[in-house]
Each structure stands twice: as C-alpha cells, then as structure tokens.
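Report on the structure given below.
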Amino acid sequence: MSRKNWIVLILMPVAGAGIFAFSLRNTDLHQLSIDLANLNWGWIGVAVLCICLYLGLEGVVTKLFMADRYPDFSWKNAMRVPLVEQLFNGITPFSTGGQPAQLVAMLQAGVDGGRASSVLLMKFVVFQGMIVINFIISMLIGFHYIATKLQALSLLVVFGFVIHLSVIVALLLVMYWHSFTKRATNLLLRPVRWFVKEDRYQNWQRVLDERIDSFYQESLKMRQEYGKLAKVSVVTLVQLAFYYLIPYFILLALGVQNLNVVMIVSLNVLIFMITSLFPIPGGTGGAEYSFTVLFASFITSNAKLVLAMLLWRILTYYFGMFAGMVALVLKPDPVKPGETL
C-alpha cells in the first residue's frame with residue numbers, strides 16, 4: 001500500500017471514533033453500559049456469521065469464474081481477492097480502489113491480466129445488476145417510510161438509484177449497441193475540448209474509445225457464458241441477503257421486539273445506496289447518519305440506537321477492512337499458466 005493509503009487507513013477509524021463520540025453527546029452512558037452488558041451474544045454471533053458469509057460467497061463467485069480459466073486457482077486465492085477488495089474499497093472515495101486492488105491480487109497469483117480483467121468485469125456487471133434488482137424491490141417496500149421520515153434522504157435514495165441504473169444502462173449499451181455508444185460518448189466529451197488543450201483532449205478520447213472497445217470484446221465472451229452468469233447471479237443475491245440481514249440480528253441482540261424483517265432488510269438496502277453517494281471513504285458520516293435516522297423508529301432508547309449503529313458499522317465496514325489487511329500480507333498461491341483453458 002502507498003503512504004497515502006496508510007494515512008487514510010489510520011484516519012478512518014479515528015473519524016469513526018469521532019462520529020461515535022459525537023453520537024454519545026446526548027446519551028446516558030450508564031444506560032449504554034447496561035445495554036452492552038445485556039447484549040444477546042448469540043444473535044451477535046449470527047450477525048458476524050452473516051458478514052463472514054457475505055465475504056465468503058464473493059470468494060465463491062471468484063472461484064466460479066476462474067474454474068474453467070485456471071483450474072488450479074486455489075480457494076485461498078479466491079477468498080483473498082474479495083478481502084483485498086474490501087480493504088481498498090474502505091480507504092478510497094466511492095470505493096474506487098476495490099477493482100484495481102482485485103486485479104493486482106489476481107496478477108500476484110500469476111493470472112493473465114486480460115483474463116483477470118474479464119473476470120472482474122463479469123463480477124462487476126452481475127453485482128451491479130443484483131444491487132439494482134434489490135433496490136427496486138426495496139423502493140417498493142420502504143421508500144414511503146423514508147419519504148415520510150426525512151425528505152432529504154428520499155432524494156438521496158432516488159439519486160443513488162439513478163446513478164446505479166445509469167451504470168447498468170451504460171454497460172448494456174456498450175454490450176448491445178457498441179457503435180452508438182462510441183458516438184454518444186465522443187459527443188458528450190466534446191464540451192471538454194473548450195477547457196483543455198487539444199493534445200490532452202485527443203488522448204482522453206483515444207483512451208475512452210479503447211476502454212469501450214475492450215469492454216465490448218469482453219462482453220462478447222460474457223454472452224457465451226449465460227449459464228455461469230445465472231449461477232453467479234443466484235450466489236450474489238444470497239450474498240447480498242446475508243449483508244442486508246445484519247441490522248436485523250443486531251436489533252434482536254439488543255432485545256428490540258416486534259421487528260419486521262422485510263422492512264429492516266429493505267431499509268438496509270436503501271442505506272447501502274445512500275452510503276455509496278458520499279465521497280468520503282466508506283461513506284463515513286453518511287452511513288452512520290442514515291442508520292440512526294432510519295432505525296430510530298424501531299429503537300426507542302437513544303443508548304441502544306447508538307450501540308446498534310456502532311455494532312453495525314464495525315461489522316459492515318471495519319471488519320472487512322481489517323480482514324483485508326490480513327489477506328494483503330498472505331502470499332498468494334501461484335497458478336500454472338500451462339493449465340489455463
């Protein structure tokens with residue numbers, strides 16, 4: 001990791017601690033200690049199991065995609081890739097570092113760069129698609145709740161949905177309407193010409209065309225693997241379900257009664273969407289705020305609400321980051337180039 005990444009890695013827990021301390025300003029610390037002592041650790045264990053399954057199933061997705069390309073690509077390598085992704089997602093704005101980090105992790109194992117890019121592309125397309133599907137269902141179930149509670153959050157939810165849907169539409173346009181997409185992107189890039197030098201504009205246009213062409217070539221391969229994509233889509237849906245269930249088990253651990261699991265899951269899906277809009281690594285600040293606002297109606301005690309937010313943040317953010325630190329120092333198992341298919 002670069003020096004900048006190390007600095008961010010140190011700053012993020014510090015920022016999280018500051019947010020937690022700020023959340024305690026109107027909280028009865030004695031009541032907080034009582035709630036902590038009365039936690040049902042069995043349900044906390046289930047929540048920990050959910051985040052482990054979430055990370056593990058992404059490793060399963062990696063293994064499924066690599067099985068016919070590199071039969072000797074080990075389960076250790078398959079599990080290492082998503083953990084490294086979690087670390088760099090957590091220390092870069094908008095989680096932009098996760099994809100390059102996965103690519104590096106696969107290259108370290110001896111995987112060809114082109115094949116690694118193809119696998120990561122397919123993972124990205126499937127993951128984005130499943131997020132959009134989950135989000136549409138959650139919008140139908142929980143959006144009215146957000147709209148009545150806080151209008152500002154509902155606007156963020158809609159904006160987040162538009163962004164994720166736009167990504168899927170753009171990917172589909174490249175896959176099925178390649179020539180039109182190139183013309184459209186070049187047209188949209190033209191106003192940039194007014195603000196930058198001609199050579200820089202030409203370079204950006206060339207790089208953009210190369211990226212579109214590369215994605216199109218990879219998409220042709222994807223069309224031949226519909227069976228595998230269907231299998232991976234099911235695994236990804238299950239993977240996301242485990243992640244979205246984490247707040248439910250945390251609330252059960254705190255003794256909260258009469259919970260509607262469908263509503264809890266739907267709200268967590270919407271929080272996931274809101275958090276992705278915040279430029280601070282890990283959506284720090286936005287994630288905590290969204291959680292406390294949306295789940296305040298389920299938890300009457302402020303001490304329990306703050307404790308629930310802390311436990312949720314530890315499991316869904318810091319757990320993956322520190323697991324990624326461990327994965328980063330593990331030496332990958334080298335694959336045998338001669339066995340690729």
Problem - Min side-chain heavy-atom separation F127-V61 under 4.5 Å - result: no
Exercise for the section: Evaluate whether atom CD of E210 has more than 12 neighbouring non-hydrogen atoms of other residues, nucleotides or ligands under 6.0 angstrom away. Expected result: yes
Handout entry: Distance under 6.0 Å and angle within 45° of ring axis: R69 vs F65
Key = no
Problem - Whether D72 side chain and V335 backbone form a donor-acceptor pair below 3.5 Å - result: no
Practice task
Find the distance between CG (L36) and CG (L254) and round it off to the nearest 0.5 Å.
Solution key: 9.5 Å
Practice task
Following the transitive rule for hydrophobic clusters with a side-chain heavy-atom cut-off under 4.5 Å over Ile, Leu, Val, Met, Phe, Trp and Tyr, establish whether L330 and L103 coincide in one cluster.
Solution key: no
Handout entry: Side-chain heavy atoms of E288 within contact of S23, under 4.5 Å
Key = no
Fill in the blank from the handout: Minimal heavy-atom distance between I246 and C50, with the atoms involved, is CG1-CB, 3.8 Å
Problem - Joint hydrophobic cluster, Y226 plus L64, side-chain heavy atoms closer than 4.5 Å - result: yes
Practice task
Please check if the side chain of E58 supplies one atom and the backbone of L55 the other of a donor-acceptor pair under 3.5 Å.
Solution key: no
Practice task
Apply side-chain hydrogen bond (donor to acceptor under 3.5 Å, both in side chains) to N203 and R206, showing your working.
Solution key: CA-CA 5 Å; N203 182 60; R206 177 182 57 80; 2.4 Å; yes
Practice task
May I ask you to decide if V269's main-chain N or O and S138's side chain share a donor-acceptor pair within less than 3.5 Å?
Solution key: no
Handout entry: Side chain to side chain, Q102 and V84, heavy atoms closer than 4.5 Å
Key = no
Practice task
Using the rule that two of Ile, Leu, Val, Met, Phe, Trp, Tyr join whenever any of their side-chain heavy atoms come within less than 4.5 Å, decide whether L187 and W177 are in one cluster.
Solution key: no
Fill in the blank from the handout: On a heavy-atom basis, the closest approach of Y318 and G16 is OH-CA, 3.2 Å
Handout entry: Ring-face cation of R313 near Y317 (centre distance under 6.0 Å, axis angle within 45°)
Key = yes
Practice task
For the pair S166 (side chain) and V162 (backbone), establish whether a donor and an acceptor sit closer than 3.5 Å, ignoring hydrogens and angles.
Solution key: yes
Exercise for the section: Would you sort out whether L39 and L311 count as a side chain to side chain contact (heavy atoms under 4.5 Å, CB included), showing the intermediate values? Expected result: CA-CA 11 Å; L39 269 180; L311 292 170; 4.1 Å; yes
Practice task
For the pair Y243 and Y54, name the ring-plane relationship: parallel under 30°, tilted 30 to 60°, perpendicular over 60°.
Solution key: tilted
Practice task
Start with the C-alpha distance between V125 and L229, add both sets of side-chain angles, then the distance that settles side chain to side chain contact (heavy atoms under 4.5 Å, CB included), and finish with yes or no.
Solution key: CA-CA 10 Å; V125 170; L229 288 174; over 6 Å; no
Practice task
Looking only at non-hydrogen atoms, find the nearest pair between H164 and I131 and report the distance.
Solution key: ND1-CG2, 4.2 Å
Handout entry: Between Q31 and D35: side-chain donor-acceptor atoms closer than 3.5 Å
Key = yes
Problem - For the student: nearest non-hydrogen atoms of P93 and T96, plus distance - result: O-OG1, 3.0 Å
Problem - Nearest heavy atoms of G97 and T92, plus distance in Å - result: N-OG1, 2.8 Å
Practice task
Can you measure from CE (M321) to CD1 (I91) and round to the nearest 0.5 angstrom?
Solution key: 6.5 Å
Handout entry: I137 and S266: CA distance, side-chain angles, deciding distance, side chain to side chain contact (heavy atoms under 4.5 Å, CB included) verdict
Key = CA-CA 8 Å; I137 296 173; S266 298; 5.9 Å; no
Practice task
Verify, without hydrogens or angle tests, whether N77 (side chain) and D333 (backbone) share a donor-acceptor contact under 3.5 angstrom.
Solution key: yes
Fill in the blank from the handout: For R193, the side-chain hydrogen bond (donor to acceptor under 3.5 Å, both in side chains) test, sequence neighbours excluded, returns E198
Practice task
Check the surroundings of atom CZ in R190: do more than 12 heavy atoms from other residues, nucleotides or ligands lie under 6.0 Å from it?
Solution key: no
Handout entry: Linked, directly or transitively: V238 and L315 (ILVMFWY side chains, under 4.5 Å)
Key = yes
Practice task
Can you establish whether the number of heavy atoms outside K76 located under 6.0 Å from its atom NZ is more than 12?
Solution key: yes
Practice task
Nearest 0.5 Å please: distance from the CG atom of L9 over to the CZ atom of F322.
Solution key: 6.5 Å
Practice task
Check for a donor-acceptor pair, side chain of N268 on one end and backbone N or O of I264 on the other, with a separation under 3.5 Å.
Solution key: no
Handout entry: Short side-chain to backbone donor-acceptor contact, Q257 and G255, under 3.5 Å
Key = yes
Exercise for the section: Would you list the pairs meeting ring pair (Phe, Tyr, Trp, His ring centres under 6.0 Å) in which at least one residue belongs to residues 73-105, sequence neighbours left out? Expected result: none
Exercise for the section: Hey, could you give me the OG/CG distance between S233 and L237, rounded to the nearest 0.5 Å? Expected result: 7.0 Å
Problem - For the student: nearest non-hydrogen atoms of R80 and L328, plus distance - result: NH2-O, 3.6 Å
Handout entry: From CA spacing to verdict: side-chain hydrogen bond (donor to acceptor under 3.5 Å, both in side chains), K331, Q108
Key = CA-CA 9 Å; K331 187 177 180 180; Q108 289 174 338; over 6 Å; no
Handout entry: Euclidean distance, T316 OG1 relative to I271 CD1, rounded to 0.5 Å
Key = 9.0 Å
Problem - Euclidean distance, L294 CG relative to M263 CE, rounded to 0.5 Å - result: 10.5 Å
Handout entry: L49/F249 under side chain to side chain contact (heavy atoms under 4.5 Å, CB included): CA gap, chis, key distance, verdict
Key = CA-CA 10 Å; L49 178 62; F249 293 118; over 6 Å; no
